[in-house]
Amino acid sequence: QVQLVESGGGLVQPGGSLTLSCTASGSDFSMYTMGWYRQAPGKQRELIAFITRGRGTNYQEPVRGRAHISRDNAKNTVYLQINRLKPEDTAVYYCNAGGLSGGNYVSTDNWGQGTQVTVSS
């Protein structure tokens, strides 16, 4: 079982940028495909980006062209930078340690506690 801790959330003005971090412990971080999800109030949790063991990346439409996901296996950490933030990016952001099947991210029960991102002027 891997333990995940997200950080880096906060209040950001529209148009600003934020970098979220997720640090893992308890298991071999390098073996996981890592995903970032978010959940806005009243909405389902949605996948927004993932990075494979080989550092291949995938972005979903809500953040495509505005986000950059990366990982540092030496630090057991995955990062998500989002630029040109919009009020609709307001959500709790979670990371997940999962896998890959047919090019699609497969989530597991390995979740962090989440970090709140609020985009508002």
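Residues Thr77 and Thr23 bring a donor and an acceptor atom of their side chains to less than 3.5 Å of each other. A donor-acceptor contact closer than 3.5 angstrom links the side chains of Ser27 and Tyr32.
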Next on the checklist: Applying side-chain contact (heavy atoms from CB on, under 4.5 Å) to Ser7 and Thr115, what does each step give before you reach the verdict?
Outcome noted: CA-CA 6 Å; Ser7 61; Thr115 186; 5.5 Å; no
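For the pair Thr108 (side chain) and Ala97 (backbone), a donor-acceptor distance under 3.5 Å is present. Checked by atom type and distance alone, the side chain of Asn58 never pairs as donor or acceptor with a backbone atom of Ala49 at under 3.5 Å. Under a 3.5 Å cut-off, the side chain of Arg66 and the backbone N or O of Ile82 do not form any donor-acceptor pair. Judged by distance alone, the side chain of Arg64 and the main-chain N or O of Tyr59 form a donor-acceptor pair under 3.5 Å. When atom types are taken as modelled, the side chain of Glu6 and the backbone of Cys95 share a donor-acceptor pair closer than 3.5 angstrom. A distance-only check finds no donor-acceptor pair linking the side chain of Tyr94 to the backbone of Trp111 [under 3.5 Å]. Between the side chain of Gln113 and the backbone N or O of Val5 there is no donor-acceptor pair closer than 3.5 Å. Without hydrogens or angle criteria, Gln60 side chain to Ile48 main chain gives no donor-acceptor distance under 3.5 Å. Thr90 places a side-chain N or O within 3.5 Å of a backbone atom of Val119 that can act as its donor or acceptor partner.
The OG atom of Ser30 sits 11.5 Å away from the CG atom of Asp72 when rounded to the nearest 0.5 Å. Note that NE2 of His68 and OG1 of Thr57 are 7.5 Å apart. Values are rounded to the nearest 0.5 Å. Atoms CZ and CG, on Phe50 and Asn104 in that order, are 7.0 Å from each other to the nearest 0.5 Å.
The two atoms that bring Leu100 and Val106 nearest to each other are C-CG2, 4.3 Å, heavy atoms only. Minimum heavy-atom separation, Trp36 to Ser21: CH2-O, 3.6 Å. Val117 approaches Gly9 most closely through the heavy-atom pair CG2-CA, 4.0 Å. The two residues Pro62 and Arg38 come nearest to each other via the heavy atoms CB-NH2, 3.2 Å. Looking at every heavy atom in both residues, Arg53 comes nearest to Thr33 through N-OG1, 4.0 Å. Across all non-hydrogen atoms, the minimal contact from Arg71 to Arg55 is O-NH2, 3.4 Å.
Grouping the Ile, Leu, Val, Met, Phe, Trp and Tyr side chains by contacts below 4.5 angstrom, directly or via other members, places Leu18 with Ile69. Note on Tyr37: it does not cluster hydrophobically with Val63, by side-chain heavy-atom contacts below 4.5 Å among ILVMFWY residues. Under the 4.5 Å side-chain heavy-atom criterion for ILVMFWY residues, no single connected hydrophobic cluster contains both Leu47 and Tyr79. Under the 4.5 Å side-chain heavy-atom criterion for Ile, Leu, Val, Met, Phe, Trp and Tyr, Tyr93 and Tyr105 are members of distinct hydrophobic clusters.
At a threshold of 4.5 Å between non-hydrogen side-chain atoms, the residues Ser120 and Leu11 count as touching.
Residue Gln44 qualifies as open at atom CD: its count of foreign heavy atoms under 6.0 Å is 12 or below.
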